[in-house]
Amino acid sequence: MEAFDPHTIERRWQQVWNDEKTWQVPNDATGPLAYVLEMLPYTSGDPHVGHLKNYAVGDAVAHFYRRRGHTVLHPMGYDAFGLPAEGHAIRTGKNPRVSTDESIASFRRQFSDWGISIDWSREFATHQPEYYRWTQWIFLQMFGKGLAYRREASVNWCPHDATVLANEQVVDGRCERCGFLVEVRQLEQWFYRITDYAQRLLDDLDGVEWPEKVKTMQRNWIGRSEGAAVTFRCAEMSSAYEVFTTRPDTLFGATFFVLAPEHPDVLKLAEGTEREREVRAYVEQALVADQFERSSSSRPKTGVPLGRTVTNPATGAEIPMYVADYVLAEYGTGAVMGVPAQDQRDWDFATAFGLSIVRTVQPPADFDGEAYTGDGPAVNSQFLDGLSIADAKPAMIEWLGEESLGESRVTFRLRDWLLSRQRYWGCPIPIVYCDDCGLVPVPEDELPVLLPVIEDYAPKGRSPLAAAEDWVNTPCPRCGGPGRRETDTMDTFVDSSWYFLRYCDPHNETAPWDRSVVDRWMPIDQYIGGVEHAILHLLYARFFCKVFADLGLVGFQEPFKRLFTQGMITRNGTKMSKSKGNSVSPGDIVARYGADTARCYVLFMAPPIMGGDWTDEGLEGVHRFLTRLWRLAQDVRAESADDRRDGGDDLLLIRASHRAISKVTDDIDGQFAFNTAIAAVMSLVKEVSRIHHEGDASAIARREALVTAASLLFPFAPHTATEVYLDLTGERVWEQPWPEADQRYLVADTIEYPIQINGKVRSRITVPADASTADVQALALAEEKIVELLAGKDPRKVIVVPGRMVNLVL
RNA sequence: GCCCCCGUAGCCCAACCGGCAGAGGCAGGCCCCUUAAAAGGGUUCCAGUGUGGGUUCGAAUCCCACCGGGGGCACCA
């Protein structure tokens, strides 16, 4: 007999799907629609096993939706601009256009080799002018609404990549990409006003079906705090300073006042006092200090008195002012009231500087800590005394309002999204600087502003585009006078914040998309990707959607209805990396075992939501299973048709088939438990094999069982499943509906009950499935061995769990 | 330091609402097939669920404490 040859089979079906455009869907499709999407690949280098897993998961979901009657949009594109792609180009000595296009070709080839069911008619890459023209158009809409703006600010600067970074791209004080320590610089940069949407981004998380973990990460990142703004007056300078506090109830305990070193008034306040020199030195040192180091809570508190006081608005007392670097300039107002008795940081500072500490919440008698943050009656707080924190807060806010000293306020941790980059390989920002007109947007009909081809694109601290004089110098679109183009490019995350909308209408030349088309497909029914995007891509894309909704460009608020985040594949327990030499190339695996084996294995090795450790042995096990299924199918096909037999092994096979249908359907539908779904198909095939070799089932019964196995396996191993299904039925499995489990075959005629005495299994009885609880109890008590063990005693209690077991308690 | 997830056989992993610890795979043993080997087929061994308590007729599952691994947050007032 001929051998199982996955490569021939896989090429055959890939050819068919390609020639017949099987997975292509029209925008005017009728019936239920579904949009299944995996995060688009970032194209620097070649695909790795993480990609294989991502698209194997998504493809299984897409196939499942299709076979359950949906028209499924399942497109593909490439995230092509950005730093890593440029870095890859520099490392390989190629122009980014060339190296990126090579990478795209590599991804495209492998997606095809893996047999992923993609509608190729919608393919695009974000570095193509036909695409980024609309990225620029979106920028202009945002600019027009004041949602894209330019301002000077303290920003994160990566000295290695020679560019600024968004807050989201700084991890533990280091550049997310290269790991270099990030510096703070005062620079004028472009921002998207995502903070305007903080509350909505927070609220709408409640309506999406996402992993709680990811929602929590976004909530933390947005960081909403409720509290009050309180004004402290400095009489001698006739100035006033506002603080934000989440504990207005503790105002009577504010015994000092602290400004951040970056606070604009610090030097002015110290001027002329004996502390001036000391303050100046402290501020200078704080500004150049390592940010990560500075923001460590374990560091001892430092600071310098400003030689001034402010008035505590509640007590009327004059309290000393300090500058200290534990206060952050960018959060709240850059100033805080020091309440040492109820805040550990303030406690640490007060003890270091010998400041007074006044309890305003009575700690319990056994409290032996320092600052007390728990609840308790207010003390030393005049009109608040005796109130709990929850009651004291509104009471204080009301009083502050009456006295015009403060008001309730909500503060967010989220910062605006810094979108400009001083790098070459990105989407140009469509703005012209004119001496007379200022910032002038490039008119929409002049888009795209093409990224010029330049020789030297190496990073040098300002955008390499600045060197392209011909490109930079351009007439002002408004007055026609001399103008200069913006030379910064956009963050890659801008490109990927709207790509899923373009898939709906990829060839539209007059708009980024047609709203009616997008509203048909969106929001995405199932989005799939790595958890590393929890607060980057996933937050930015949500922000964009809300802006589009406000602009009337889309009819929904949230882009991703359901989200699945896959776990990372490791090898020998550690992350795969080329430098460690433990990486596995999906290309090599597919070349050796075929795509179906590779796909099934990454799904089978562990629940896809978890990580999994790659072993070559495990891979071979899956390959053996596919081989066994195929060979069994060949054997059964060769047999001549016969008649079904009632009962016996025929019935066993029917039951096994329906059990498998039920299990696989539940596993895919509910929880992406593809590992157990595949195991259930293995189980079925094993049963067919056993009966085939030593049972007496009819050929038709064995054939039907294998047909079911192939049908269920199709989402995971589409080529092998298609081949087997065709061999046994003459039909194309992807054109067949998903099988349905028949309840009649799922329930057994008889049930075996274990009989426990005091929780230990002592005997067993087999009873008809429809026996009543009383019958089961009677039969259990009458069972020979049990009668013997009871020796005439009556059990104290008899527990019968229907369908499960019987427990006798003595 | 705080929060979340995970610890089940030599290994990867199952176990519905608390009800016989085992679905599937790997590795190992044995048998069949084979002149032999590989491939293949069959069969079998192996844990009482990280540790210690608790609740319960009954705990891998629920509760508490601890240990180990992973992730997130971390001077956000």
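Lettering of chains follows the sequences in order, A, B, ..., and the numbering in each one begins at 1. Just so it is clear, the structure is predicted and the values come from calculations on it, not from any experiment.
Using atom C1' as the reference point in both B:A15 and B:A77, the two lie 49 Å apart (nearest Å). B:C46 and B:G25: their C1' atoms are spaced 16 Å apart (whole Å). One C1' atom belongs to B:C2, the other to B:C45, and the distance between them is 46 Å to the nearest Å. Atom P of B:A14 sits at a distance of 13 Å from the matching atom of B:A9, rounded to the whole Å. Taking atom C1' on both B:A23 and B:C66, the two are 33 Å apart, rounded to the nearest angstrom. The separation of B:A59 from B:G54, taken at their P atoms, amounts to 12 Å, rounded to a whole angstrom. Between the P atoms of B:G52 and B:A60, the separation comes to 13 Å (whole Å). Going from the P atom of B:G71 to that of B:C13 covers 16 Å, rounded to whole Å.
If you look at A:Phe232 and A:Tyr241, their ring centroids are not closer than 6.0 Å. Between A:Phe716 and A:Phe674, the gap from one ring centroid to the other is short of 6.0 Å. The aromatic ring centres of A:Tyr601 and A:Trp614 sit less than 6.0 Å apart.
Under the Watson-Crick or G-U wobble criterion, with both distances below 3.5 Å, B:C2 is paired with B:G72. Under the Watson-Crick or G-U wobble criterion, with both distances below 3.5 Å, B:A65 is paired with B:U51. For B:C26, the paired base is B:G10 (Watson-Crick or G-U wobble, both distances below 3.5 Å). A 3.5 Å limit on both hydrogen-bonding distances identifies no Watson-Crick or G-U partner for B:U56.
Between A:Tyr331 and B:A77, a side-chain N or O to OP1/OP2 separation shorter than 4.0 Å is present. Within the structure, every side-chain polar atom (N or O) of A:Asn807 is placed at least 4.0 Å from both OP1 and OP2 of B:G19.
Toward the 5′ end of RNA chain B lies the nearest nucleotide of A:Gly612, the other residue of the pair A:Gly612 and A:Ala679 mapping further downstream.
A:Val336 comes within 4.0 angstrom of a nucleotide base, judged by non-hydrogen atoms across all strands. Residue A:Val327 is classed as a base contact, given a heavy-atom separation below 4.0 Å to a base.
In this structure a side-chain-to-backbone donor-acceptor pair under 3.5 Å is present from A:Thr255 to A:Ser356. At least one donor-acceptor pair under 3.5 Å links the side chain of A:Gln218 to the backbone N or O of A:Ala534.
Looking only at atom types and distance, the side chain of A:Gln634 has a donor-acceptor partner in the side chain of A:Arg637 under 3.5 Å away. Side-chain contact of A:Thr373 with A:Gln344: a donor-acceptor pair under 3.5 Å is absent, judged by distance alone. Donor-acceptor pairing under 3.5 Å is lacking for the side chains of A:Tyr745 and A:Ser657.
Per the geometry, CG belonging to A:Asp613 stands 17 Å off P belonging to B:C26, to the nearest Å. In this entry the distance linking CD of A:Glu687 with C1' of B:G24 reads 14 Å, nearest Å. Protein atom CE of A:Met605 is 11 Å distant from nucleotide atom C1' of B:C13, rounded to whole Å. At whole-Å resolution of the value, CH2 in A:Trp210 and P in B:C5 are 20 Å apart. Between the P atom of B:C11 and the CH2 atom of A:Trp614 lies a distance of 21 Å, rounded to the nearest Å. As rounded to whole Å, 15 Å separates atom C1' of B:G70 from atom CD of A:Glu532. In this structure, A:Ile751 atom CD1 and B:C20 atom C1' are separated by 14 Å, rounded to whole Å. Here B:C11 presents its C1' atom at 16 Å from CG of A:Leu619, a figure rounded to the nearest Å.
With sequence neighbours left out, A:Tyr753 forms a side-chain hydrogen bond (donor to acceptor under 3.5 Å, both in side chains) with no residue at all. For A:Thr351, there are no side-chain hydrogen bond (donor to acceptor under 3.5 Å, both in side chains) partners at least two apart in sequence or on another chain. A search for side-chain hydrogen bond (donor to acceptor under 3.5 Å, both in side chains) contacts involving A:His623 returns nothing, not counting sequence neighbours.
Look at B:G71: its glycosidic torsion is beyond 90° from 0, and that puts it in the anti range. Glycosidic torsion of B:C17 falls within 90° of 0, placing the base in syn.
The shortest distance between side-chain heavy atoms of A:Asp649 and A:Leu653 does not fall below 4.5 Å.
Ranking B:C20, B:C57, B:C73 by closeness to the A:Ile535 side chain, first place goes to B:C73. Closest to the A:Glu617 side chain, of the nucleotides B:C20, B:A27, B:G24, is B:A27. Candidate nucleotides B:G24, B:C20, B:A14 were compared by shortest atom distance to the side chain of A:Met682, and B:G24 ranks first. Closest to the A:Phe604 side chain, of the nucleotides B:A14, B:G24, B:G19, is B:G24. For A:Asp343, taking side-chain heavy atoms from C-beta onward, the closest of the listed nucleotides B:A23, B:C75, B:A77 is B:A77. Of the candidates B:C20, B:A14, B:G24, the closest approach to any side-chain atom of A:Pro754 belongs to B:C20.
Interface residues of residues 217-225 of chain A facing RNA chain B, ordered by number: A:Met217, A:Ser225; criterion, heavy-atom separation under 4.0 Å.
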I'd like a table of atom pairs between the protein and nucleotides 40-45 of chain B - only N or O on both sides, under 3.5 Å - with the distance next to each one.
from, atom 1, to, atom 2, distance (Å)
B:G40, O3', A:Arg631, NH2, 3.0
B:G41, OP1, A:Arg628, NE, 2.7
B:G42, OP1, A:Ser689, OG, 3.1

Would you list the protein and nucleotides 60-63 of chain B atom pairs, both N or O, that sit under 3.5 Å from each other?
none

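On a pure distance criterion of 3.5 Å, no polar donor-acceptor pair joins the side chain of A:Arg796 and the base of B:C57.
The aromatic rings of A:Tyr322 and A:Phe353 lie perpendicular to each other, with more than 60° between the two planes, well past the 30° mark.
The side-chain hydrogen bond (donor to acceptor under 3.5 Å, both in side chains) test with A:Ser763 singles out one residue from A:Glu784, A:Lys785, A:Glu783, and that residue is A:Glu783.
A:Lys301 forms no cation-pi arrangement with A:Phe349, by the criterion of a distance under 6.0 Å to the ring centre and an angle within 45° of the ring axis.
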